[in-house]
Amino acid sequence: MNTLIKLIPAALLCASSAAMAMTENTSAPEQVRVPAGHAVKLWTVGIGEITYACREKADQPGTHAWTFVAPVAALYDKNKAVVGKYYGGPTWEAADGSKVSGKQLGVAPGGIGNIALQLVQAAPATGMGAMSGVSYIQRLNTRGGVPADLPCSMANAGAEQKVGYQADYIFYAMQ
């Protein structure tokens, strides 16, 4: 079974672009706020999908659940131009080849049917370019990305579902 749930990217990109001007770090939930002393370096909208697989729970043998496998998304700027990509790691890679990965520091609810908001502390970037100097990455304004409530048992273990999602990825650097 391979279920694909898609969003309507153009309409959502427009909605999220409007949110770019309205969302500030200080209005984000406390768990995902960037510490003082950091300023926005780059604001992108990620549109893609998250893969989930039906797998046996490690702590509950015989019980299965939809488990996160990996994300993949294109990153767009305010002009709807692709400026990079996001994939498992987590890793954000700019079109110029620079990339950054990091460690999750906090999450907050994203609302019903939406993946969580997130704060990631960046590791030093590789390559010179847009990701150089990034210290934190926020995921805000999430839409979709939660697996559908489909059966998951031994009978369909290994099945995957790809779920469409969108989120704003905001990159910060030291001021």
Side-chain angles (χ1 to χ4, degrees), residues 4-7 9-10 12-21 23-26 28-29 31-53 55 66-108 110 114-147 160-175:
L4 179 60
I5 301 169
K6 291 277 189 180
L7 300 176
L12 291 176
L13 183 57
C14 292
S16 196
S17 294
M20 282 183 179
T23 304
E24 296 180 22
N25 185 47
T26 56
Q31 308 93 301
V32 297
R33 284 188 196 152
V34 173
H38 301 265
V40 174
K41 177 177 179 159
L42 176 67
W43 194 312
T44 65
V45 176
I47 298 176
E49 58 190 28
I50 300 172
T51 301
Y52 294 90
R55 294 186 177 157
W66 290 104
T67 305
F68 173 85
V69 175
V72 63
L75 301 175
Y76 296 86
D77 68 9
K78 66 181 180 180
N79 298 316
K80 301 179 187 168
V82 176
V83 294
K85 58 187 174 181
Y86 167 63
Y87 50 91
T91 303
W92 294 264
E93 184 174 339
D96 61 20
S98 63
K99 57 181 144 180
V100 67
S101 60
K103 175 185 171 188
Q104 178 178 282
L105 295 180
V107 294
N114 301 323
I115 56 172
L117 309 180
Q118 183 181 51
L119 176 63
V120 172
Q121 184 170 27
T126 58
M128 295 301 293
M131 297 300 166
S132 298
V134 168
S135 53
Y136 290 93
I137 303 110
Q138 267 179 333
R139 179 174 70 199
L140 299 176
N141 301 316
T142 58
R143 290 183 175 75
V146 175
E160 291 188 347
Q161 57 174 305
K162 296 178 185 289
V163 184
Y165 89 102
Q166 176 179 315
D168 290 352
Y169 289 102
I170 306 133
F171 301 86
Y172 290 80
M174 290 289 294
Q175 289 182 313

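Model, not experiment: these values are computed from the prediction.
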Side chain to side chain donor-acceptor pair (under 3.5 Å) against [X], all qualifying residues, sequence neighbours excluded:
X	value
Gln121	none
Ser101	none
Tyr169	Tyr165

Rounded to the nearest 0.5 Å, what separates atom [atom1] in [X] from atom [atom2] in [Y]?
X	Y	atom1	atom2	result
Ile137	Asp168	CD1	CG	14.0 Å
Leu105	Gln118	CG	CD	9.0 Å
Lys162	Ile50	NZ	CD1	11.5 Å

Got a sec, which residues hit ring pair (Phe, Tyr, Trp, His ring centres under 6.0 Å) with Tyr52, two or more places apart in sequence or on another chain?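 Here no residue qualifies.
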[X] side-chain N/O to [Y] backbone N/O, donor-acceptor pair under 3.5 Å:
X	Y	answer
Arg33	Ala28	yes
Asn25	Val34	yes
Asn114	Gly144	yes

Side chains of Gln138 and Tyr172: does their closest heavy-atom pair fall under 4.5 Å? yes
Met128 versus Asp96: any side-chain heavy-atom pair under 4.5 Å? no
Contacts under 3.5 angstrom, residues 84-94 side chains, donor-acceptor by atom type, not counting sequence neighbours:
from  : atom 1 : to    : atom 2 : distance (Å)
Tyr87 : OH     : Glu93 : OE1    : 2.7

Val69: side chain to side chain contact (heavy atoms under 4.5 Å, CB included) partners, not counting sequence neighbours: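 Only Thr51, Ala53, Arg55 meet the side chain to side chain contact (heavy atoms under 4.5 Å, CB included) criterion with Val69.
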Residues passing the side chain to side chain contact (heavy atoms under 4.5 Å, CB included) test with Pro29, sequence neighbours excluded, are Gln31, Val32, Ala108, Leu117
